[in-house]
Every structure is written in C-alpha cells, then in structure tokens.
2 protein chains.
Amino acid sequence: MAEALTGEAILAATEEVLRRYGPAKATVVDVAKALGVSHGSVYRHFPTKAALREAVTRRWLDAIHEDMESVFDLDLTAAETLRAWLQKLFDRKRRSHVDEPELFATFRVLVSESKNIPEYHVGYLVGQVARIISAGVETQEFVTDDVPTAAQAVWDATEKFHHPAHAQEWGNPHIQDAFDAVVSLVVDGLRYNRIPSAAGDA
Amino acid sequence: MAEALTGEAILAATEEVLRRYGPAKATVVDVAKALGVSHGSVYRHFPTKAALREAVTRRWLDAIHEDMESVFDLDLTAAETLRAWLQKLFDRKRRSHVDEPELFATFRVLVSESKNIPEYHVGYLVGQVARIISAGVETQEFVTDDVPTAAQAVWDATEKFHHPAHAQEWGNPHIQDAFDAVVSLVVDGLRYNRIPSAAGDA
DNA sequence: GGACTGACAGATTTCAATATCTGTCAGTCC
DNA sequence: GGACTGACAGATATTGAAATCTGTCAGTCC
C-alpha cells in the first residue's frame, strides 16, 4: 500500500463518484473501487453512507461561504454591499445551475437529505446579511430595531433567487429584472425611516 | 339512462376520484366507473386525460380567485389592503396544506402538470396586487413609477408564503412572524419616498 | 496491534413479465 | 341519428424474483 487512506482522500473520491454517477447511483462500493480499497475500509472513516455524503456537502457549501466573504472587502455603502452580496449569491447559484445542471441537481439532493445542512447553510448566510444590515444601521443608512429579524426577512424576500426549488426559473431571460425589482423593494424597505407623516396625506 | 352525461358531472366525479385516489392513481376508468358509464363516454366531453385534469384544476383555482376579491370590499388603506390580501392568501393556502395535506398535494401536482395553469393563476393574482398598489399610488401612500413591476416584485418577495414548494415550512410555529417581517419590509419599500437626502448622511 | 479485507444478513434496487390504462372507432341502442 | 359502448393497439404501471448495496465483524497481513 503506497499511502494511508485518509478521510480527505475518501471525500475527494466521493465527490468524483457523485459527479460521475449522480446522487441516486453513487454507492459506497463505487467510492471504494475508485480508491482501490474494500468498502469496509471506507466505514473505518465514516460511520454511514449518510455521514459521508453530509461531509462532502459541507465541504462544498463551505467554499460558497468563504467566497461570499469577499464582498465585505469592497468598501461600499451598506445598500451597495447588500445588493452586491445578493447579486453575487444569485450569480453563483444561477451559473452553477445553468452551466452544470446535473452537478447542481446532485448537490441539491445532497443538501435536502439532512435537516442540519440547510440550517447550517442558511444560518451562515443570514448571519452575513445581518452583518451588512448592522453596518447600515451604524451609518444610519438603514432603520430597524431588530437586525436578526430584518436579516431573516431579507433572506425570505429573496428566496426566489437563492432557493433551489426556484432554480428552473433562473434560466428565464427576464430573471435579472425581477431580481433588481425585488432587491430595490427590499433595500427601500430597510431605508424607510418611518416618519409618521411621511405617508397618508397629500 | 336517467340523465344526460354533462361536462359538469364529469368534472365533479373527477374531483371526487382525485380526492379519493390521489393524482398518481386516479384513472379515466375510475371516473367512468363513478359515473356508471364507459370510459369512452368521458372522451366525448374531454379530448384527453390531461384536458380533464386541467379543467378540474382551473375550477379549483377560480374559487380561490373569487374568494380573494372579497378583500377589496373592506375599505382599508392601500397598505392595510395589501397586508390583508397577502394574509388571506397565505391563510388559505396554509390551512389547505395543514388541514388536508393530501388534497393540497393533489392539486399541487395538478397545477404543475401544465405551464398554462400556473401562468393563469399567478397572472390573475399579480393583477390583483397591481390594483392594490395602483390605488395606493393614487392616494400617495405608495411611490412607484412602474406598477406592474412593483406588483411582480411584491409577489416574488412573498413567494415563501404562497409558492407550494415552500409548503413544508408553513407548519413552522414561527412562520407568521416571518410573514409579518417580510410584509412589513415590502410595504415599507413601497412607501419609501426616495428623498435624495433621506439616507447616507447623519 | 492497528489498518485493512471479504464474506455475510438484511435492506434496497433492478428488471422483465404481466396487468392496467389511454385514446380510437366501428358498431349498438333508443 | 346522436349518445353511448366495448374491443382493441400501443403506452404506462405494477409486481415479484434476482441482483446489488449497506453496514458488521471475525480474520489477515504487515
């Protein structure tokens, strides 16, 4: 045996097998075959097939999370940061879906297999939105007395542009216009400064 | 033969068969059996099984459309009307999903079988939103230079609370809080009056 | 002695034969 | 003669036997 079998090597092989066969056909035996070991060996590193799939999925999501951080280096206003952040997330997911639909579908299935994974993913991203809104409150660009709720509301209001259930609509040629309209509405909502006389009378 | 076989009788029988067996198991033969006729007779009134299912689905959606109109009789401000309208739609869909999950799932499948049906349904409802926003612009409660786009944006931003893909989240005990937060954000966004100096400087 | 193997039991999936369904139409019945 | 029937061809769905997969563990090998 040339090298010891590591968890990382198993994860890389598993990702490759998932790419090649898809989530329905990929088996632990396939992974072991790709590594030239018996499938029993894979079970020394991951207790179940589900745990192995979950580990691969977390690795994939972590790459997205890290990539999204780069928006914070751009030195924009809070409104601009929020728009750029949402656009970057949308672009990344849309491109993945349009360019590699099978791979996107594969990870979509993997993410939906556990309740922990979407919670982990959404929790991380809503936390980033909260950071952006918090900065906007600081500069008086945004008004809210409950940043976590506002962050969740922004996330929920933009569901159409990040939730994989809506991926089929991302190929629509006018989807970017719909995205711009929703983001403008949401950003205006965060800006709204609730002066009692601001509405209702001419 | 007691009475002539009518399209309406076939639709009623089809709905009953769909309730009993679900969309996967309901057959044209079942419908004919329920009516005490041969399945060939059903084909004298509807050209295909798909057309029959579509007619049943349209009938069901039309009842929702008509019911939603009642919000316009309430004599509220535009913001209140919009909130009441969205709440009513959400309540109706949520109750249907929570109280009769199988029936909801049945119609969910039926709606997704044709591209025309969701278009018809969404088109009608976004038209109602546009009427509400238009009234709000009239009274200067809302500000927008493009009512149809704003109406579509309101629809898209509230997708989580009416799109059946999110139905599983409607049982969550905090879903009403999430709804309130999104609707507040959206209504504030429509109110935002874009005074250039309103944001950005202390 | 610790990483790895491979045979095994029970669970799951595949596949092909069988049954049912959709849509048609020539013929029946009032 | 027009509404309805029922037998039919091709398409689709069901079923159960056979194959494969998951997870375990006693045994092998360095």
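Bear in mind that the values here come from a model prediction, so they are computed numbers and not experimental data. Chain letters run A, B, ... following the sequence lines, proteins first, then strands; residues in each count from 1. These values consider heavy atoms only, across backbone and side chains, with no hydrogens, waters or symmetry-generated copies.
- Applying the 4.0 Å criterion to OP1 and OP2 of C/dC4, one finds that A/Ser41 has every side-chain N and O outside that range.
- When both pairing distances are held under 3.5 Å, D/dG16 makes a Watson-Crick or G-U pair with C/dC15.
- Below the 3.5 angstrom threshold, one finds no donor paired with an acceptor across the side chain of A/His39 and the base of C/dG6.
- Using a 4.0 Å heavy-atom distance criterion, B/Ser38 is classed as a base contact.
- Distance A/Lys49 NZ to D/dG23 P: 8 Å, rounded to the nearest Å.
- Judged by Watson-Crick or G-U wobble contacts below 3.5 Å, the nucleotide C/dG27 has D/dC4 as its partner.
- Comparing D/dG23, D/dT22, C/dT5 against the side chain of A/Val37 picks out C/dT5 as the nearest.
- Look at D/dT22: its Watson-Crick or wobble partner, with both distances under 3.5 angstrom, is C/dA9.
- For the residue pair B/Thr77 and B/Glu80, a side-chain donor N or O sits within less than 3.5 Å of a side-chain acceptor on the partner.
- Closest contact between the side chain of A/His45 and the listed nucleotides C/dC4, D/dC21, C/dT22 involves C/dC4.
- Between the side chains of B/Ser114 and B/Arg53, no donor-acceptor pair of N or O atoms lies under 3.5 Å.
- No side-chain donor from either of B/His166 and B/His97 sits under 3.5 Å from a side-chain acceptor of the other.
- Nearest nucleotide to the side chain of B/Arg44, out of D/dG23, D/dC4, C/dT22: D/dC4.
- Of the N and O atoms on the side chains of A/Asp30 and A/Thr27, at least one donor lies less than 3.5 Å from an acceptor on the other residue.
- Counting any heavy atom pair closer than 4.0 Å across all strands shown, B/Val28 reaches sugar-phosphate atoms only and no base atom.
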